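Have a look at the structure below before the remarks.
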Amino acid sequence: MSEAIASGTTGVDRELADRLAGGDEGAFRELVRKHDAGLRRMARMYVADAVADDVVQDTWITVIRGIDRFEGRSTLKTWIYGILVNIARRRAEREGRTVPFAAAGSASGAWGGSVDLERLHHPDLGLGYWPAAPTWARDPARAAVDNETRAVVLRALSALVPSQREVMVLRDIEGWSGPEVCEVLGISDVNQRTLLHRARVTVRAVLEEYFND
Amino acid sequence: MTDDVDATRRRLAISCADALELMTDHLEGALSQADAARMHAHLASCEPCTVYLDQLRATIRIVAETGPATTLSLDPQRVDSLVDLFRSEQHD
């Protein structure tokens with residue numbers, strides 16, 4: 001119940017779901033317009049581009065056939081994306097692709113900390129304290145995101161552990177809320193924030209190297 | 001000198017290493033009241049961590065501005081074929 005409140009289930013969703021269940025083509029068209037491109041982007045995180053559209057097609061079929069099972073405990077959006085994630089993961093598994101599965105990325109994998117401990121060695125305060133600020137040679141606050149920076153960021157994202165990339169793309173690019181991401185990926189709030197933190201810290205480090213180059 | 005070090009450590013409340021791990025939770029407003037107070041005290045006295053936090057914010061902004069790896073525009077033909085699919089499912 002609290003999840004539904006957090007992700008903002010609205011009467012609008014309920015009404016739209018009822019119209020879909022009643023065979024309202026306009027309602028379906030509206031839904032496709034709103035979510036199809038996002039679903040295709042999401043599917044491409046799991047499977048090859050050529051397969052991604054099949055996954056989205058299967059998602060829409062499942063939505064059409066299952067709309068009367070939409071109970072309004074989540075938003076229509078998270079319900080639909082949840083269906084996509086299930087289908088995409090199964091398909092990726094079948095094709096032997098590494099599945100970004102956030103639930104598996106919780107405590108696994110060594111974490112050396114946000115910053116190498118050797119950089120955190122203050123002459124008086126000792127280990128764990130900055131000796132000096134980690135300044136960047138170029139001020140990113142002033143720099144517009146040019147094509148080169150964009151390429152650096154996209155490379156950094158694709159190099160992330162898949163579970164971290166999954167969360168960071170949804171949160172920081174697609175602009176989803178934390179509760180939405182938890183719901184669709186089936187992970188806890190703590191896990192979501194841990195993955196997001198590690199992803200952001202890793203991308204920050206790549207930008208640091210790039211801006212200091 | 002030891003007194004100064006102890007006083008500084010007390011003023012900082014937590015180490016920089018610990019503060020760094022709390023930064024996303026800090027930005028998310030997800031810290032416990034006690035951790036939030038420690039973080040506040042730390043940032044008030046630690047310029048390097050304040051700089052780092054600003055860089056983390058800049059990273060978030062840059063990633064957001066980078067946008068998705070692939071921009072997919074809505075294909076009207078695709079929408080029509082999905083609506084056809086919807087229609088055919090109604091008659092099953």
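Being a predicted model, the structure only gives us computed values, none of them experimental. Computation of the quantities below employed the complete heavy-atom set of this structure, encompassing side-chain atoms and omitting hydrogens, waters and symmetry-equivalent molecules.
Heavy atoms closer than 4.5 Å to chain B are found in both the backbone and the side chain of A/Val201. Contact annotation for B/Ile14: only backbone heavy atoms (N, CA, C, O) come within less than 4.5 Å of a heavy atom of chain A. Only the side chain of A/Trp60 comes within contact range of chain B, judged by heavy atoms closer than 4.5 Å. With a 4.5 Å cut-off on non-hydrogen atoms, A/Leu120 touches chain B through its side chain but not through its backbone. Heavy atoms of A/Arg41 lying under 4.5 Å from chain B belong to its backbone as well as its side chain. Residue contact with chain B, scored on non-hydrogen atoms closer than 4.5 Å, involves the backbone and the side chain of A/Leu20 alike.
Contacts with chain A (heavy atom to heavy atom, under 4.5 Å) involve no residue of residues 31-38 of chain B. Residues of residues 29-40 of chain A lying under 4.5 angstrom from chain B, judged on non-hydrogen atoms, are A/Arg29, A/Val32, A/Arg33, A/Asp36, A/Ala37, A/Arg40 in numerical order.
Note: A/Arg200 CZ to B/Thr59 OG1 = 9.5 Å, rounded to the nearest 0.5 Å.
At a threshold of 4.5 Å between non-hydrogen side-chain atoms, the residues B/Glu28 and A/Arg171 count as touching. Contact check for B/Gln55 versus A/Pro134: side-chain heavy atoms found under the 4.5 Å cut-off. No side-chain heavy atom of A/His197 sits under 4.5 Å from any side-chain heavy atom of B/Leu22. Between B/Leu12 and A/Leu125, the closest side-chain pair of non-hydrogen atoms falls below 4.5 Å.
Ring planes of A/Phe28 and B/Phe86: parallel class, angle under 30° (limits at 30 and 60°).
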